[in-house]
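The block underneath contains the structure these notes are about, expressed in structure tokens.
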There are 2 protein chains.
Amino acid sequence: MSAGRQKVDPSEQAFLAGYDASEFPHPSLAVDVVLLTVSEDGLRVALVRRDEHPCLGCWALPGGFVGMKESLDAAAARVLAAKARLKGVFLEQLYTFGAPARDPRTRVVSVAYYALVHPGRLTVADVAELQLGRVQVPWSGETGGPVAVLGADGEALRLAFDHAEVIGMAIKRIRGKLDYAPIGFQLLPPTFTLRDLQAIHEVILGRPLNKDSFRRRMLASGELQPTGEREQTVGHRPAELYHYVGRSARR
Amino acid sequence: MSAGRQKVDPSEQAFLAGYDASEFPHPSLAVDVVLLTVSEDGLRVALVRRDEHPCLGCWALPGGFVGMKESLDAAAARVLAAKARLKGVFLEQLYTFGAPARDPRTRVVSVAYYALVHPGRLTVADVAELQLGRVQVPWSGETGGPVAVLGADGEALRLAFDHAEVIGMAIKRIRGKLDYAPIGFQLLPPTFTLRDLQAIHEVILGRPLNKDSFRRRMLASGELQPTGEREQTVGHRPAELYHYVGRSARR
DNA sequence: TTAATAGTGTCTCTGAGACACTATGTG
DNA sequence: CACATAGTGTCTCAGAGACACTATTAA
């Protein structure tokens, strides 16, 4: 229930059957953001290096505590702006992780968000202690479970807390939403070819897609509008450039 | 991020860029459970009457605060056991609601869960101040948004806080998951006919379904096993009774 | 001209909807 | 018997996969 805990009178005590008064000190509340992007060699996630205990030297998702007068969405947006200098990107709540021992020091419940962005909008260099790890998904379909993340030199990164699970949950979610929500477009520049879009879908789903069927489905959706322009200098016949116009343009 | 807040040394201060130290008092953390069932006249949700301010006399979702050493899932299960005397029912996290002013007194962030149960397992009489309201969904498909809930005498109930939104989110979620997750079976007794199952699906989706196609789809899924028994005394040809055997039985 | 990819036309296969028909219970 | 619903067989239609073919650009 959503009652506050200012005055705990006997009637509220009775009302909250099963609630132990000794539990009144409440958990800390944080947000963690799974910032995903797709580069040429696959799916990538933004991680920051922890410079203190616990998990010193591990890599963690960008995160922060929720302010008292701040909505959860606002907290996630603030974290994204502070850690990755990003504003106005796709950002959606994912799941809330609250295992009692997920942080060994104290109780921290974390509301996880996921964000999607085109790599062109990301400038890793200007944010210290941030890297884009390569995500390795050890399951197919929407099975779910923890993932591995590889660093620049190909070795697996040590991930902090339950963040391997959190990233896995984000992958599972976007795989499920990919074919009915405008997710792929978030990972592309404003104008793109159908082949670009298919590559994004294949990277997210982790399997090849049928070219013909993909083209038909995308064009039939009415969410794409041809710009009349073509890609430049590609060494072969250039493809038409499209841009996303959303659901409303559907006839 | 999932760091605790025991010792806040300068390096952590720098690490948590954008985090204001004045915000350290953290929000209260609660769980609310959307307990849904399907009776003959439609979808129903369990509500408890608030007997104090704010929203005195309104109807609220069963809920409670999260204990310091209790997982979120455990808190939701505890609430369900305390308020509705239910154990072992389907229970899954839904969404976390954290608008700063959702509770007018103090900041309460609520992790919403939804539970599904067959009405035969519910005994409303033995729990005081609990009623099963009739859910009226004012949108179609998976549009989402708040719902209305009607009391026994047909008038709309005044719902506490943002609980109309929370229930709406639960409906949206189960509509989306209905055809790829074993949700319908949770709302039926262990043994049921295909017509029963179709009625459940129709109530959840809020629209009629094609009988032939529904039968084929369900039988082809391999998740149903005929018991060899038939329903009794129905005034016409009795239908075969099935029970749910899960995904593993798929060939 | 050749290489490489863009884009089209068409065939088949599968699943959903529609509908007719048969089967089997109660009153 | 009539009546109501269970359950089956079959036709059609729409979307996905497969594949052949044409189109268009760079080198």
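In what follows, chains are A, B, ... by sequence order, proteins preceding strands, each numbered from 1.
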Exercise. Considering only heavy atoms of chain B and a distance under 4.0 Å, specify the first and last nucleotide of DNA chain C in 5' to 3' order that meet this criterion.
Key: C:dA16 to C:dT26

Practice problem: Using distance alone, with no hydrogens and no angle criterion, decide if B:R44 and B:S39 have a side-chain donor and acceptor under 3.5 Å apart. | Solution: yes

Exercise. State whether a side-chain donor-acceptor pair under 3.5 Å links A:Y114 with A:E92.
Key: yes

Between [atom2] of [N] and [atom1] of [X], the distance in whole Å:
{"X": "B:H236", "N": "D:dT5", "atom1": "NE2", "atom2": "C1'", "value": "5 Å"}
{"X": "B:Q198", "N": "D:dT5", "atom1": "CD", "atom2": "C1'", "value": "13 Å"}
{"X": "B:N210", "N": "D:dT12", "atom1": "CG", "atom2": "C1'", "value": "13 Å"}
{"X": "A:F214", "N": "D:dA16", "atom1": "CZ", "atom2": "P", "value": "12 Å"}

Quiz item: Base, sugar-phosphate, or nothing for B:R216, non-hydrogen atoms under 4.0 angstrom?
Solution: base

Quiz item: Hey, which of these two, A:R237 or A:D212, hits DNA chain D nearer its 5' end, going by closest nucleotide?
Solution: A:D212

Quiz item: Say you draw a straight line from CG of A:L197 to OH of A:Y244; how long is it, rounded to the nearest 0.5 Å?
Solution: 11.0 Å

Quiz item: Which residues satisfy the side-chain contact (heavy atoms from CB on, under 4.5 Å) test with B:R121, sequence neighbours excluded?
Solution: B:L86, B:V89, B:V117

Quiz prompt | Short N-O contact, A:R195 and A:E231, less than 4.0 angstrom | solution = yes

Exercise. Please confirm whether the backbone N or O of A:T96 pairs with a side-chain atom of B:Q93, one donor and one acceptor, at under 3.5 Å?
Key: yes

